[in-house]
There are 2 protein chains.
Amino acid sequence: MARNRPYTCGLDAAIDVVGGKWKATVLWMLEDQGPLRFGELRRRIPGVTEKMLVQHLRELESDGLVHREAYHQVPPKVEYSLTDYGRTLELALRPLGDWGHANMARIEATHA
Amino acid sequence: MARNRPYTCGLDAAIDVVGGKWKATVLWMLEDQGPLRFGELRRRIPGVTEKMLVQHLRELESDGLVHREAYHQVPPKVEYSLTDYGRTLELALRPLGDWGHANMARIEATHA
DNA sequence: TCAAGTACTGACTATATTGTCAGGTACCCA
DNA sequence: TGGGTACCTGACAATATAGTCAGTACTTGA
């Protein structure tokens with residue numbers, strides 16, 4: 001989104017971190033449904049492509065929000081989970097998620 | 001951002017509404033500093049162009065979050081303020097803003 | 001031997017969002 | 001007559017973000 005650093009307000013910074021098309025959903029899935037494998041995430045997020053999922057996971061990881069655990073097996077197994085830091089974000093995100101949930105119909109109706 | 005409707009979760013819907021580059025800042029300004037004129041907003045948000053400000057204000061208005069009051073004067077005077085609906089969003093956004101504020105340094109350091 | 005599952009990578013393309021720039025109306029002040 | 005203020009609009013260009021598609025390595029099951 002080509003955000004302006006230094007940020008004008010905390011909100012700006014937070015949305016920068018969580019603003020990708022699938023990031024909020026990933027965070028929500030990982031909090032709600034525990035550690036998940038790559039393929040599980042892909043199947044649970046309808047419409048996401050492998051490429052975008054990898055890319056967003058990498059970003060969330062380098063932001064320290066998500067932990068990636070690779071098991072050296074064949075076939076490969078990789079598990080993603082929230083870090084403690086990630087959980088603090090999930091917590092801060094919850095009221096917004098509730099707001100969106102409560103106003104979903106209105107948002108879908110008015111937001112072109 | 002070409003979001004997916006119907007939304008996967010409330011968070012998705014909420015970020016769709018608040019995800020523009022300057023929208024969160026506008027909402028925050030209007031809540032924090034009361035009704036503001038167009039020019040006041042522009043001066044308070046460093047880096048925003050008139051075009052983007054108008055565009056985002058129009059979207060926030062058509063989403064029912066912001067109220068636009070035009071005074072038929074010369075020179076023109078237009079005041080923007082939050083609607084009640086907009087205030088509920090601001091409220092839901094606050095924990096996220098606090099999170100961003102608290103972790104600003106970390107975000108700036110890690111988020112490329 | 002061929003297909004399928006697993007977790008990816010990378011080149012290329014498409015779309016969405018943002019920015020630049022010029023202009024437009026109406027008035028006041030010098 | 002020429003600025004300055006105020007609130008915009010629209011054409012066009014630039015950038016950012018997302019999507020498509022092919023391909024990797026290895027192994028199990030048919």
Side-chain angles (χ1 to χ4, degrees), chain A residues 1-5 7-8 12-13 15-26 29-30 35-63 66-81 111-112, chain B residues 1-5 7-8 12-13 15-26 29-30 35-63 66-81 111-112:
Chain A
M1 201 176 277
R3 291 229 161 232
N4 12 280
R5 230 151 311 138
Y7 300 111
T8 355
D12 230 24
I15 289 184
D16 199 7
V17 164
V18 93
K21 182 165 175 183
W22 312 95
K23 284 190 185 172
T25 313
V26 168
M29 288 283 165
L30 290 181
L36 291 173
R37 300 181 58 171
F38 180 82
E40 290 175 321
L41 270 171
R42 177 168 44 79
R43 281 189 294 272
R44 277 161 215 236
I45 304 178
V48 76
T49 61
E50 298 201 335
K51 195 203 165 188
M52 288 320 295
L53 187 53
V54 177
Q55 186 174 308
H56 280 173
L57 283 168
R58 291 277 179 280
E59 287 173 21
L60 292 169
E61 193 194 350
S62 80
D63 283 349
V66 159
H67 173 71
R68 176 177 187 274
E69 184 79 39
Y71 298 86
H72 298 291
Q73 305 175 352
V74 167
K77 173 177 172 181
V78 181
E79 262 190 1
Y80 293 93
S81 53
H111 198 74
Chain B
M1 201 177 278
R3 291 230 162 232
N4 11 279
R5 232 151 309 140
Y7 299 111
T8 356
D12 231 23
I15 290 187
D16 199 7
V17 164
V18 91
K21 183 164 175 184
W22 312 96
K23 284 189 185 173
T25 313
V26 168
M29 287 284 167
L30 289 181
L36 290 173
R37 300 182 58 171
F38 180 83
E40 289 174 321
L41 271 171
R42 178 167 45 79
R43 280 188 294 274
R44 275 161 218 233
I45 303 178
V48 76
T49 60
E50 296 201 335
K51 194 203 167 192
M52 289 319 296
L53 187 52
V54 176
Q55 188 174 307
H56 280 171
L57 283 168
R58 292 278 179 280
E59 288 173 21
L60 292 169
E61 193 194 350
S62 81
D63 282 349
V66 158
H67 173 72
R68 176 176 189 272
E69 183 79 38
Y71 298 86
H72 298 290
Q73 303 175 353
V74 168
K77 172 177 171 179
V78 180
E79 261 191 359
Y80 293 92
S81 52
H111 197 73

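Basis for what follows: all heavy atoms, side chains included, without hydrogens, waters or symmetry-related copies. Since this is a predicted model, take the numbers as computed values, not measurements.
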For this session: Identify, between B/M52 and A/R42, the residue whose nearest nucleotide on DNA chain C lies closer to the 5' end.
Result: A/R42
Between [options], which nucleotide gets closest to the side-chain atoms of [X]?
X     : options               : result
B/K51 : D/dA18, C/dT20, D/dA6 : C/dT20
B/R58 : D/dT9, C/dT9, D/dA6   : D/dT9
A/T49 : C/dG19, D/dG19, D/dC7 : D/dG19
B/F38 : D/dC8, D/dT5, C/dT6   : D/dC8
A/W22 : D/dT9, D/dG19, D/dT5  : D/dG19

Problem set entry | Expected output: side-chain B/E40 to main-chain B/R37 donor-acceptor under 3.5 Å | yes
Does [X] make a side-chain N or O approach to OP1 or OP2 of [N] shorter than 4.0 Å?
X     : N      : result
B/R68 : D/dC8  : yes
B/Y80 : D/dC8  : yes
A/K21 : D/dG19 : yes
B/R37 : D/dA6  : no

Exercise. B/H72 near the nucleic acid: base, sugar-phosphate alone, or nothing, with a heavy-atom cut-off under 4.0 Å?
Worked result: nothing
Exercise. In terms of side-chain geometry, is the basic nitrogen of B/E59 or B/K23 positioned less than 4.0 Å from the acidic oxygen of its partner?
Worked result: yes
